[in-house]
There are 2 protein chains.
Amino acid sequence: MFATLIKHISKYVTLTPDEQEILTTYFKYEELSKKQYLLSEGEKCTAQYFVVQGCLRMYFIKENGSEHIVQFGIDNWWLSDYMSIEMQSPSKFYIQAVERTQVLKLSITDQQRLLERIPKLEHYFMRVMQKAFGAFQMRICYLFDMSGEEQYNLFVDRFPGFVQRVPQYMLASYLGVTPEFLSKIRGKKR
Amino acid sequence: MFATLIKHISKYVTLTPDEQEILTTYFKYEELSKKQYLLSEGEKCTAQYFVVQGCLRMYFIKENGSEHIVQFGIDNWWLSDYMSIEMQSPSKFYIQAVERTQVLKLSITDQQRLLERIPKLEHYFMRVMQKAFGAFQMRICYLFDMSGEEQYNLFVDRFPGFVQRVPQYMLASYLGVTPEFLSKIRGKKR
DNA sequence: GCAAAATCTTAATCTTGATTAAGAAATGAG
DNA sequence: CTCATTTCTTAATCAAGATTAAGATTTTGC
């Protein structure tokens with residue numbers, strides 16, 4: 001299961017076989033069953049997770065009690081609460097497996113040690129963050145420029161298989177509409 | 001004007017005087033007058049900007065023709081279109097000075113050269129991106145959990161001086177409400 | 001100092017999508 | 001296989017904030 005990670009890293013930096021070997025010792029492999037939690041509100045977030053296979057969701061509970069999904073994490077994505085990590089503050093988020101999911105866990109302290117051993121990985125993590133940040137800048141665009149209906153259509157276009165993988169109400173939660181409204185949108189198209 | 005940048009960097013990594021000297025040769029200082037542009041829609045974004053003093057805004061034009069502000073950049077913040085940089089694609093954004101602003105420009109190619117000379121700066125940039133990404137994760141929370149009115153109040157609390165610095169319609173544009181509605185909110189409080 | 005441009009306010013009407021409620025369909029555990 | 005839980009749909013009513021329009025105020029360039 002390290003093959004997936006190493007392949008991903010090699011898009012940004014080249015690792016020798018030795019370095020690949022070292023790398024693996026800092027990660028912890030975890031196999032999550034559906035609905036299992038990696039992080040809950042109130043806990044300090046102490047690790048980043050690389051999704052090898054499966055699907056995670058990161059969400060928070062709104063004041064009115066309903067939940068809202070901030071991000072999904074699918075194959076080859078990193079997921080974590082970076083505000084909690086940076087500020088060493090309790091997280092407002094939950095990270096949960098949507099389906100059976102395999103992740104590689106890298107704790108903050110292990111990441112520090114790993115980066116001391118293989119400094120060029122700093123570059124990898126910088127690029128990963130840069131890419132994720134770019135995606136969020138675009139997300140703000142979509143949120144403000146498109147109606148719920150347009151956003152749903154765009155999402156379906158960009159991640160065709162994904163729509164079947166998660167329950168509809170989670171998609172609604174991600175897009176920021178109610179499940180009822182999403183249902184109406186879908187009803188209209190048939 | 002490099003003092004501000006070096007002080008910011010030193011929060012994350014320690015530079016020797018030599019390294020500080022090297023650093024300065026890769027940046028270009030620019031003094032922007034109000035309304036001057038650093039990036040326009042359709043251009044490839046080829047640099048990152050560190051705000052020494054002043055205020056930038058990054059916005060895009062919606063389909064209906066109105067503009068929406070994605071981010072402000074004030075003292076000590078980095079600002080750029082990271083999607084455009086990553087994908088080498090034309091930007092959808094404008095970056096413009098809201099007031100007289102001093103920036104340090106670091107082009108992508110100069111960044112590469114700089115990081116070859118001083119590799120430990122990779123760590124600095126990673127942390128900067130991580131912090132910015134964390135801020136955006138929280139921003140999604142606020143967008144979905146709070147009414148326009150609550151968001152305005154929070155913003156005023158967190159950046160008290162800032163509200164006087166930018167025109168109200170820009171704040172409205174950042175919060176995702178119309179200037180008319182923001183005016184109503186403010187009217188209510190007096 | 002004055003005209004033009006930029007910004008802010010008020011108020012009426014209209015839209016999108018939320019809320020509520022209830023039932024239908026699908027999935028899952030034992 | 002079957003009952004319980006989870007998920008999805010439909011429809012009525014409601015609310016937040018948009019839109020439109022107009023006038024007031026402030027700022028800026030010359």
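First the proteins, then the strands, lettered A, B, ... as listed; each starts at 1.
- Between K35(B) and P179(B), it is K35(B) whose nearest contact on DNA chain C lies nearer the 5' terminus.
- Applying the ring-ring contact (aromatic ring centres under 6.0 Å, His included) criterion to Y174(A), with sequence neighbours excluded, gives F72(A), F155(A).
- Residues P167(A) and V98(A) share a closest heavy-atom pair of CD-CG1, 4.4 Å.
- Nucleotide dT9(C) holds its C1' atom 14 Å from the CD1 atom of I185(B), rounded to whole Å.
- Nearest heavy-atom pair, M146(B) versus Q151(B), reported as atom, atom and distance to 0.1 Å: O-NE2, 3.3 Å.
- Side-chain contact annotation: Q48(B) with Y82(B), donor-acceptor N/O pair under 3.5 Å present.
- Put simply, the side chain of R165(B) gets close to the backbone of G54(B): a donor and an acceptor are under 3.5 Å apart.
- You'll find the ring centres of Y12(A) and Y124(A) inside the 6.0 Å limit.
- Distance CZ (F144(B)) to C1' (dG17(C)): 13 Å, rounded to an integer number of Å.
- A donor-acceptor pair under 3.5 Å is formed between the side chain of K120(B) and the backbone N or O of T14(B).
- Between the C1' atom of dT16(C) and the CG atom of L182(A) lies a distance of 15 Å, rounded to the nearest Å.
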The contact string for nucleotides 16-30 of chain D, one letter per nucleotide 5' to 3', using protein heavy atoms under 4.0 Å with B, S and - for base, sugar-phosphate only and none, comes out as -SSBBB------S--

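- Listed by residue number, the members of residues 158-169 of chain A with any heavy atom below 4.0 angstrom from DNA chain D are P167(A), Q168(A), Y169(A).
- Looking only at distances, a side-chain donor or acceptor of Q137(A) sits under 3.5 Å from a matching main-chain atom of S80(B).
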